[in-house]
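Scroll down for the structure; my scribbles are underneath it.
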Amino acid sequence: MKQLEFTGLPTALQHQLYIDMRYQPGASNNETGKRRLHCTIKYAARLGMISPILISWLYGINRSLALEHLNKLVKADLLNVAPTVRVPDGRVYVLTLAGAKLAEELLRQHVPFRSSTNPQLQVNQNTLMHDVILQYVLARGIHNVDGAGNYRPQWTGFISEKEFKRLYPSSTIRNVDGLVIEPEGACCAIEIEHSYKPIQIRKNILLKYRDALKDGLYDKVFFISQSLQILQDSKRINGLAMDNLTSTVDRKTDRPLLSDNDRTLLEDRLIYRTKFCEEISTLFYP
């Protein structure tokens, strides 16, 4: 696939969009095992952790075999287990220093590592459910197949929330949950919607989306949730927020906070993806 340049994206993020994160079994058990090890380490590095749920889904194995795979990497000093009540599995796995060094070789980029005697401190407990769902969504789009079993990726690469935040720490830029690149080259932001947001918060977010879209950081925004109702509510509140922004005059410029053209831009580029609702609900909210 030809690499495209996005005027708003620095070179480091453009590189990350094209890292190969697709898992494919090898021709032998040994080769398959090696590919699984490398894939697990790469996902753990880029998302900050790895969950048994993702391993089970990604490699098409049951939970027992997923745990066996992960625990082998613990014994090899590549991962540490972090028990938690915040996810259905009751645990996630994080990189060790040796795992981070291996990830750097595989990804050909620096992997920030924060040493801790307690692996639980290497993840944000408050966002952990959100993070494991995001990890699944990013991997799910890459590994999509059609009804006949043919490979039909929805996107071919991604930038994780952690990677995005490192280069865009400013509060003036919306920290999206991820960026993905579609097969035809469009760069899209991913937003995982878990709960309802009041209109005032939506207004601020919409203005940041507008700025990012106009600056070329990405071409579209995908809203994804475990709940169809949450997506419907997000669309409704976004509409109300746009009504308010287009009818409110900025005293400094004597113009609406959101122009009619900018509203049309947002309405065209904000996309509510219902495809993942049932899958996320089944995997993470059994």
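- No side-chain donor from either of Q232 and Y272 sits under 3.5 Å from a side-chain acceptor of the other.
- Annotation for Y196: hydrophobic cluster partners, listed by chain and number, are I230 (ILVMFWY side-chain heavy atoms under 4.5 Å, direct or chained).
- Side-chain contact between I55 and H69: present, with at least one pair of heavy atoms (C-beta onward) separated by less than 4.5 Å.
- Judged by distance alone, the side chain of N144 and the main-chain N or O of R152 form a donor-acceptor pair under 3.5 Å.
- The aromatic rings of Y218 and Y209 sit perpendicular to each other, their planes meeting at more than 60°, with 30° as the lower class boundary.
- The salt bridge (Lys or Arg N to Asp or Glu O under 4.0 Å) test applied to E68 returns K72, not counting sequence neighbours.
- Panel note: side chain D89, backbone R91; no donor-acceptor pair is recorded below 3.5 Å.
- A side-chain N or O of R202 and one of S234 form a donor-acceptor pair less than 3.5 Å apart.
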Q226 and S281: CA distance, side-chain angles, deciding distance, side chain to side chain donor-acceptor pair (under 3.5 Å) verdict: CA-CA 5 Å; Q226 80 281 4; S281 180; over 6 Å; no
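- By the 4.5 Å heavy-atom criterion applied to side chains, E191 and V176 are counted as neighbours.
- The closest donor-acceptor contact from the side chain of E161 to the backbone of G178 lies at 3.5 Å or more, if one exists at all.
- More than 12 heavy atoms of other residues, nucleotides or ligands lie within 6.0 Å of CG in D268, so this atom counts as buried by the packing criterion.
- Defined by atom type and a distance below 3.5 Å, a donor-acceptor pair is present between the side-chain atoms of T84 and Q125.
- A 4.5 Å side-chain heavy-atom check between T246 and D262 finds every atom pair outside the cut-off.
- Residues E182 and Q154 form no side-chain contact, since every pair of their non-hydrogen atoms from C-beta on lies 4.5 Å or further apart.
- With hydrogens and angles ignored, the 3.5 Å screen pairs a side-chain donor or acceptor of N71 with a backbone N or O of L67.
- A donor and an acceptor atom, one from each side chain of R36 and Y23, are located under 3.5 Å apart.
- Remark: the backbone N or O of S171 is paired with a side-chain donor or acceptor of K208 at under 3.5 angstrom.
- If you take OH on Y136 and CG on L134, they are separated by 12.5 Å, rounding to the nearest 0.5 Å.
- Formation of a donor-acceptor pair under 3.5 Å by the D215 side chain with backbone atoms of L217 is not found in this model.
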